[in-house]
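For reference, the structure is listed below as structure tokens.
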Amino acid sequence: MLGHRFDNTSFIKALVVHARHGLLPHEAQFGQKFVIDVDLHADHLDAARSV
């Protein structure tokens with residue numbers, strides 16, 4: 001439930017990873033670079049109540 005004081009948002013911007021997967025054989029062999037942005041919204045109310 002968003003809107004109370006235990007809401008938390010974490011941001012990961014421009015995380016660069018190299019991964020070896022894909023549809024074509026050369027993608028699995030050589031891999032490729034992926035750049036990932038993540039906005040993670042979490043409700044920590046239950047965790048705060050357990051302390």
Side-chain angles (χ1 to χ4, degrees):
M1 177 162 117
L2 297 176
H4 55 71
R5 65 187 181 114
F6 295 103
D7 291 341
N8 189 31
T9 303
S10 298
F11 302 96
I12 301 172
K13 299 297 180 194
L15 175 65
V16 179
V17 297
H18 185 267
R20 296 174 184 250
H21 62 85
L23 178 64
L24 303 175
H26 72 274
E27 292 174 312
Q29 181 180 0
F30 299 108
Q32 55 189 320
K33 177 176 83 170
F34 295 88
V35 181
I36 303 167
D37 290 335
V38 177
D39 295 352
L40 177 65
H41 304 275
D43 181 346
H44 294 134
L45 183 59
D46 289 339
R49 285 182 179 154
S50 70
V51 175

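These numbers come from the heavy atoms of this one structure, side chains and all, not from hydrogens, waters or symmetry mates.
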Qualifying residues under ring-ring contact (aromatic ring centres under 6.0 Å, His included), relative to His18, sequence neighbours excluded: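 With sequence neighbours excluded, His18 shows a ring-ring contact (aromatic ring centres under 6.0 Å, His included) to no residue whatsoever.
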
How is the hydrophobic cluster of Phe11 composed, in terms of its other members, when Ile, Leu, Val, Met, Phe, Trp and Tyr link through side-chain heavy atoms under 4.5 Å apart, directly or indirectly?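 Same cluster as Phe11: nobody, lone residue.
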
ILVMFWY cluster membership beyond Val16 - transitive side-chain contacts under 4.5 angstrom: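 Its cluster partners, ordered by chain and number, are Val35.
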
Those residues that, when tested against Ala28, pass side chain to side chain contact (heavy atoms under 4.5 Å, CB included) (two or more places apart):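 Side chain to side chain contact (heavy atoms under 4.5 Å, CB included) check on Ala28 returns nothing, list empty.
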
Could you check whether any side-chain heavy atom of Val17 comes within less than 4.5 Å of a side-chain heavy atom of Ile36, counting everything from C-beta outward?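 Yes, their side chains come closer than 4.5 Å.
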
Once side-chain hydrogen bond (donor to acceptor under 3.5 Å, both in side chains) is applied, do any residues pair with Lys33, and if so which ones, sequence neighbours excluded?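 With sequence neighbours excluded, Lys33 shows a side-chain hydrogen bond (donor to acceptor under 3.5 Å, both in side chains) to no residue whatsoever.
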
State plainly whether one hydrophobic cluster holds both Phe30 and Leu24, where clusters connect Ile, Leu, Val, Met, Phe, Trp and Tyr through side-chain heavy atoms under 4.5 angstrom apart.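 No; tracing contacts between hydrophobic side chains, which count when under 4.5 Å, never links both residues.
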
Sequence neighbours excluded, every pair satisfying salt bridge (Lys or Arg N to Asp or Glu O under 4.0 Å) that has a member inside residues 9-30: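 As it turns out, the salt bridge (Lys or Arg N to Asp or Glu O under 4.0 Å) pairs with a partner in residues 9-30, which skip direct neighbours, are Lys13-Asp39.
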
Mind checking the CG-OG1 spacing from Leu40 to Thr9? Nearest 0.5 Å is all I need.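 Separation between the atoms: 8.0 Å.
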
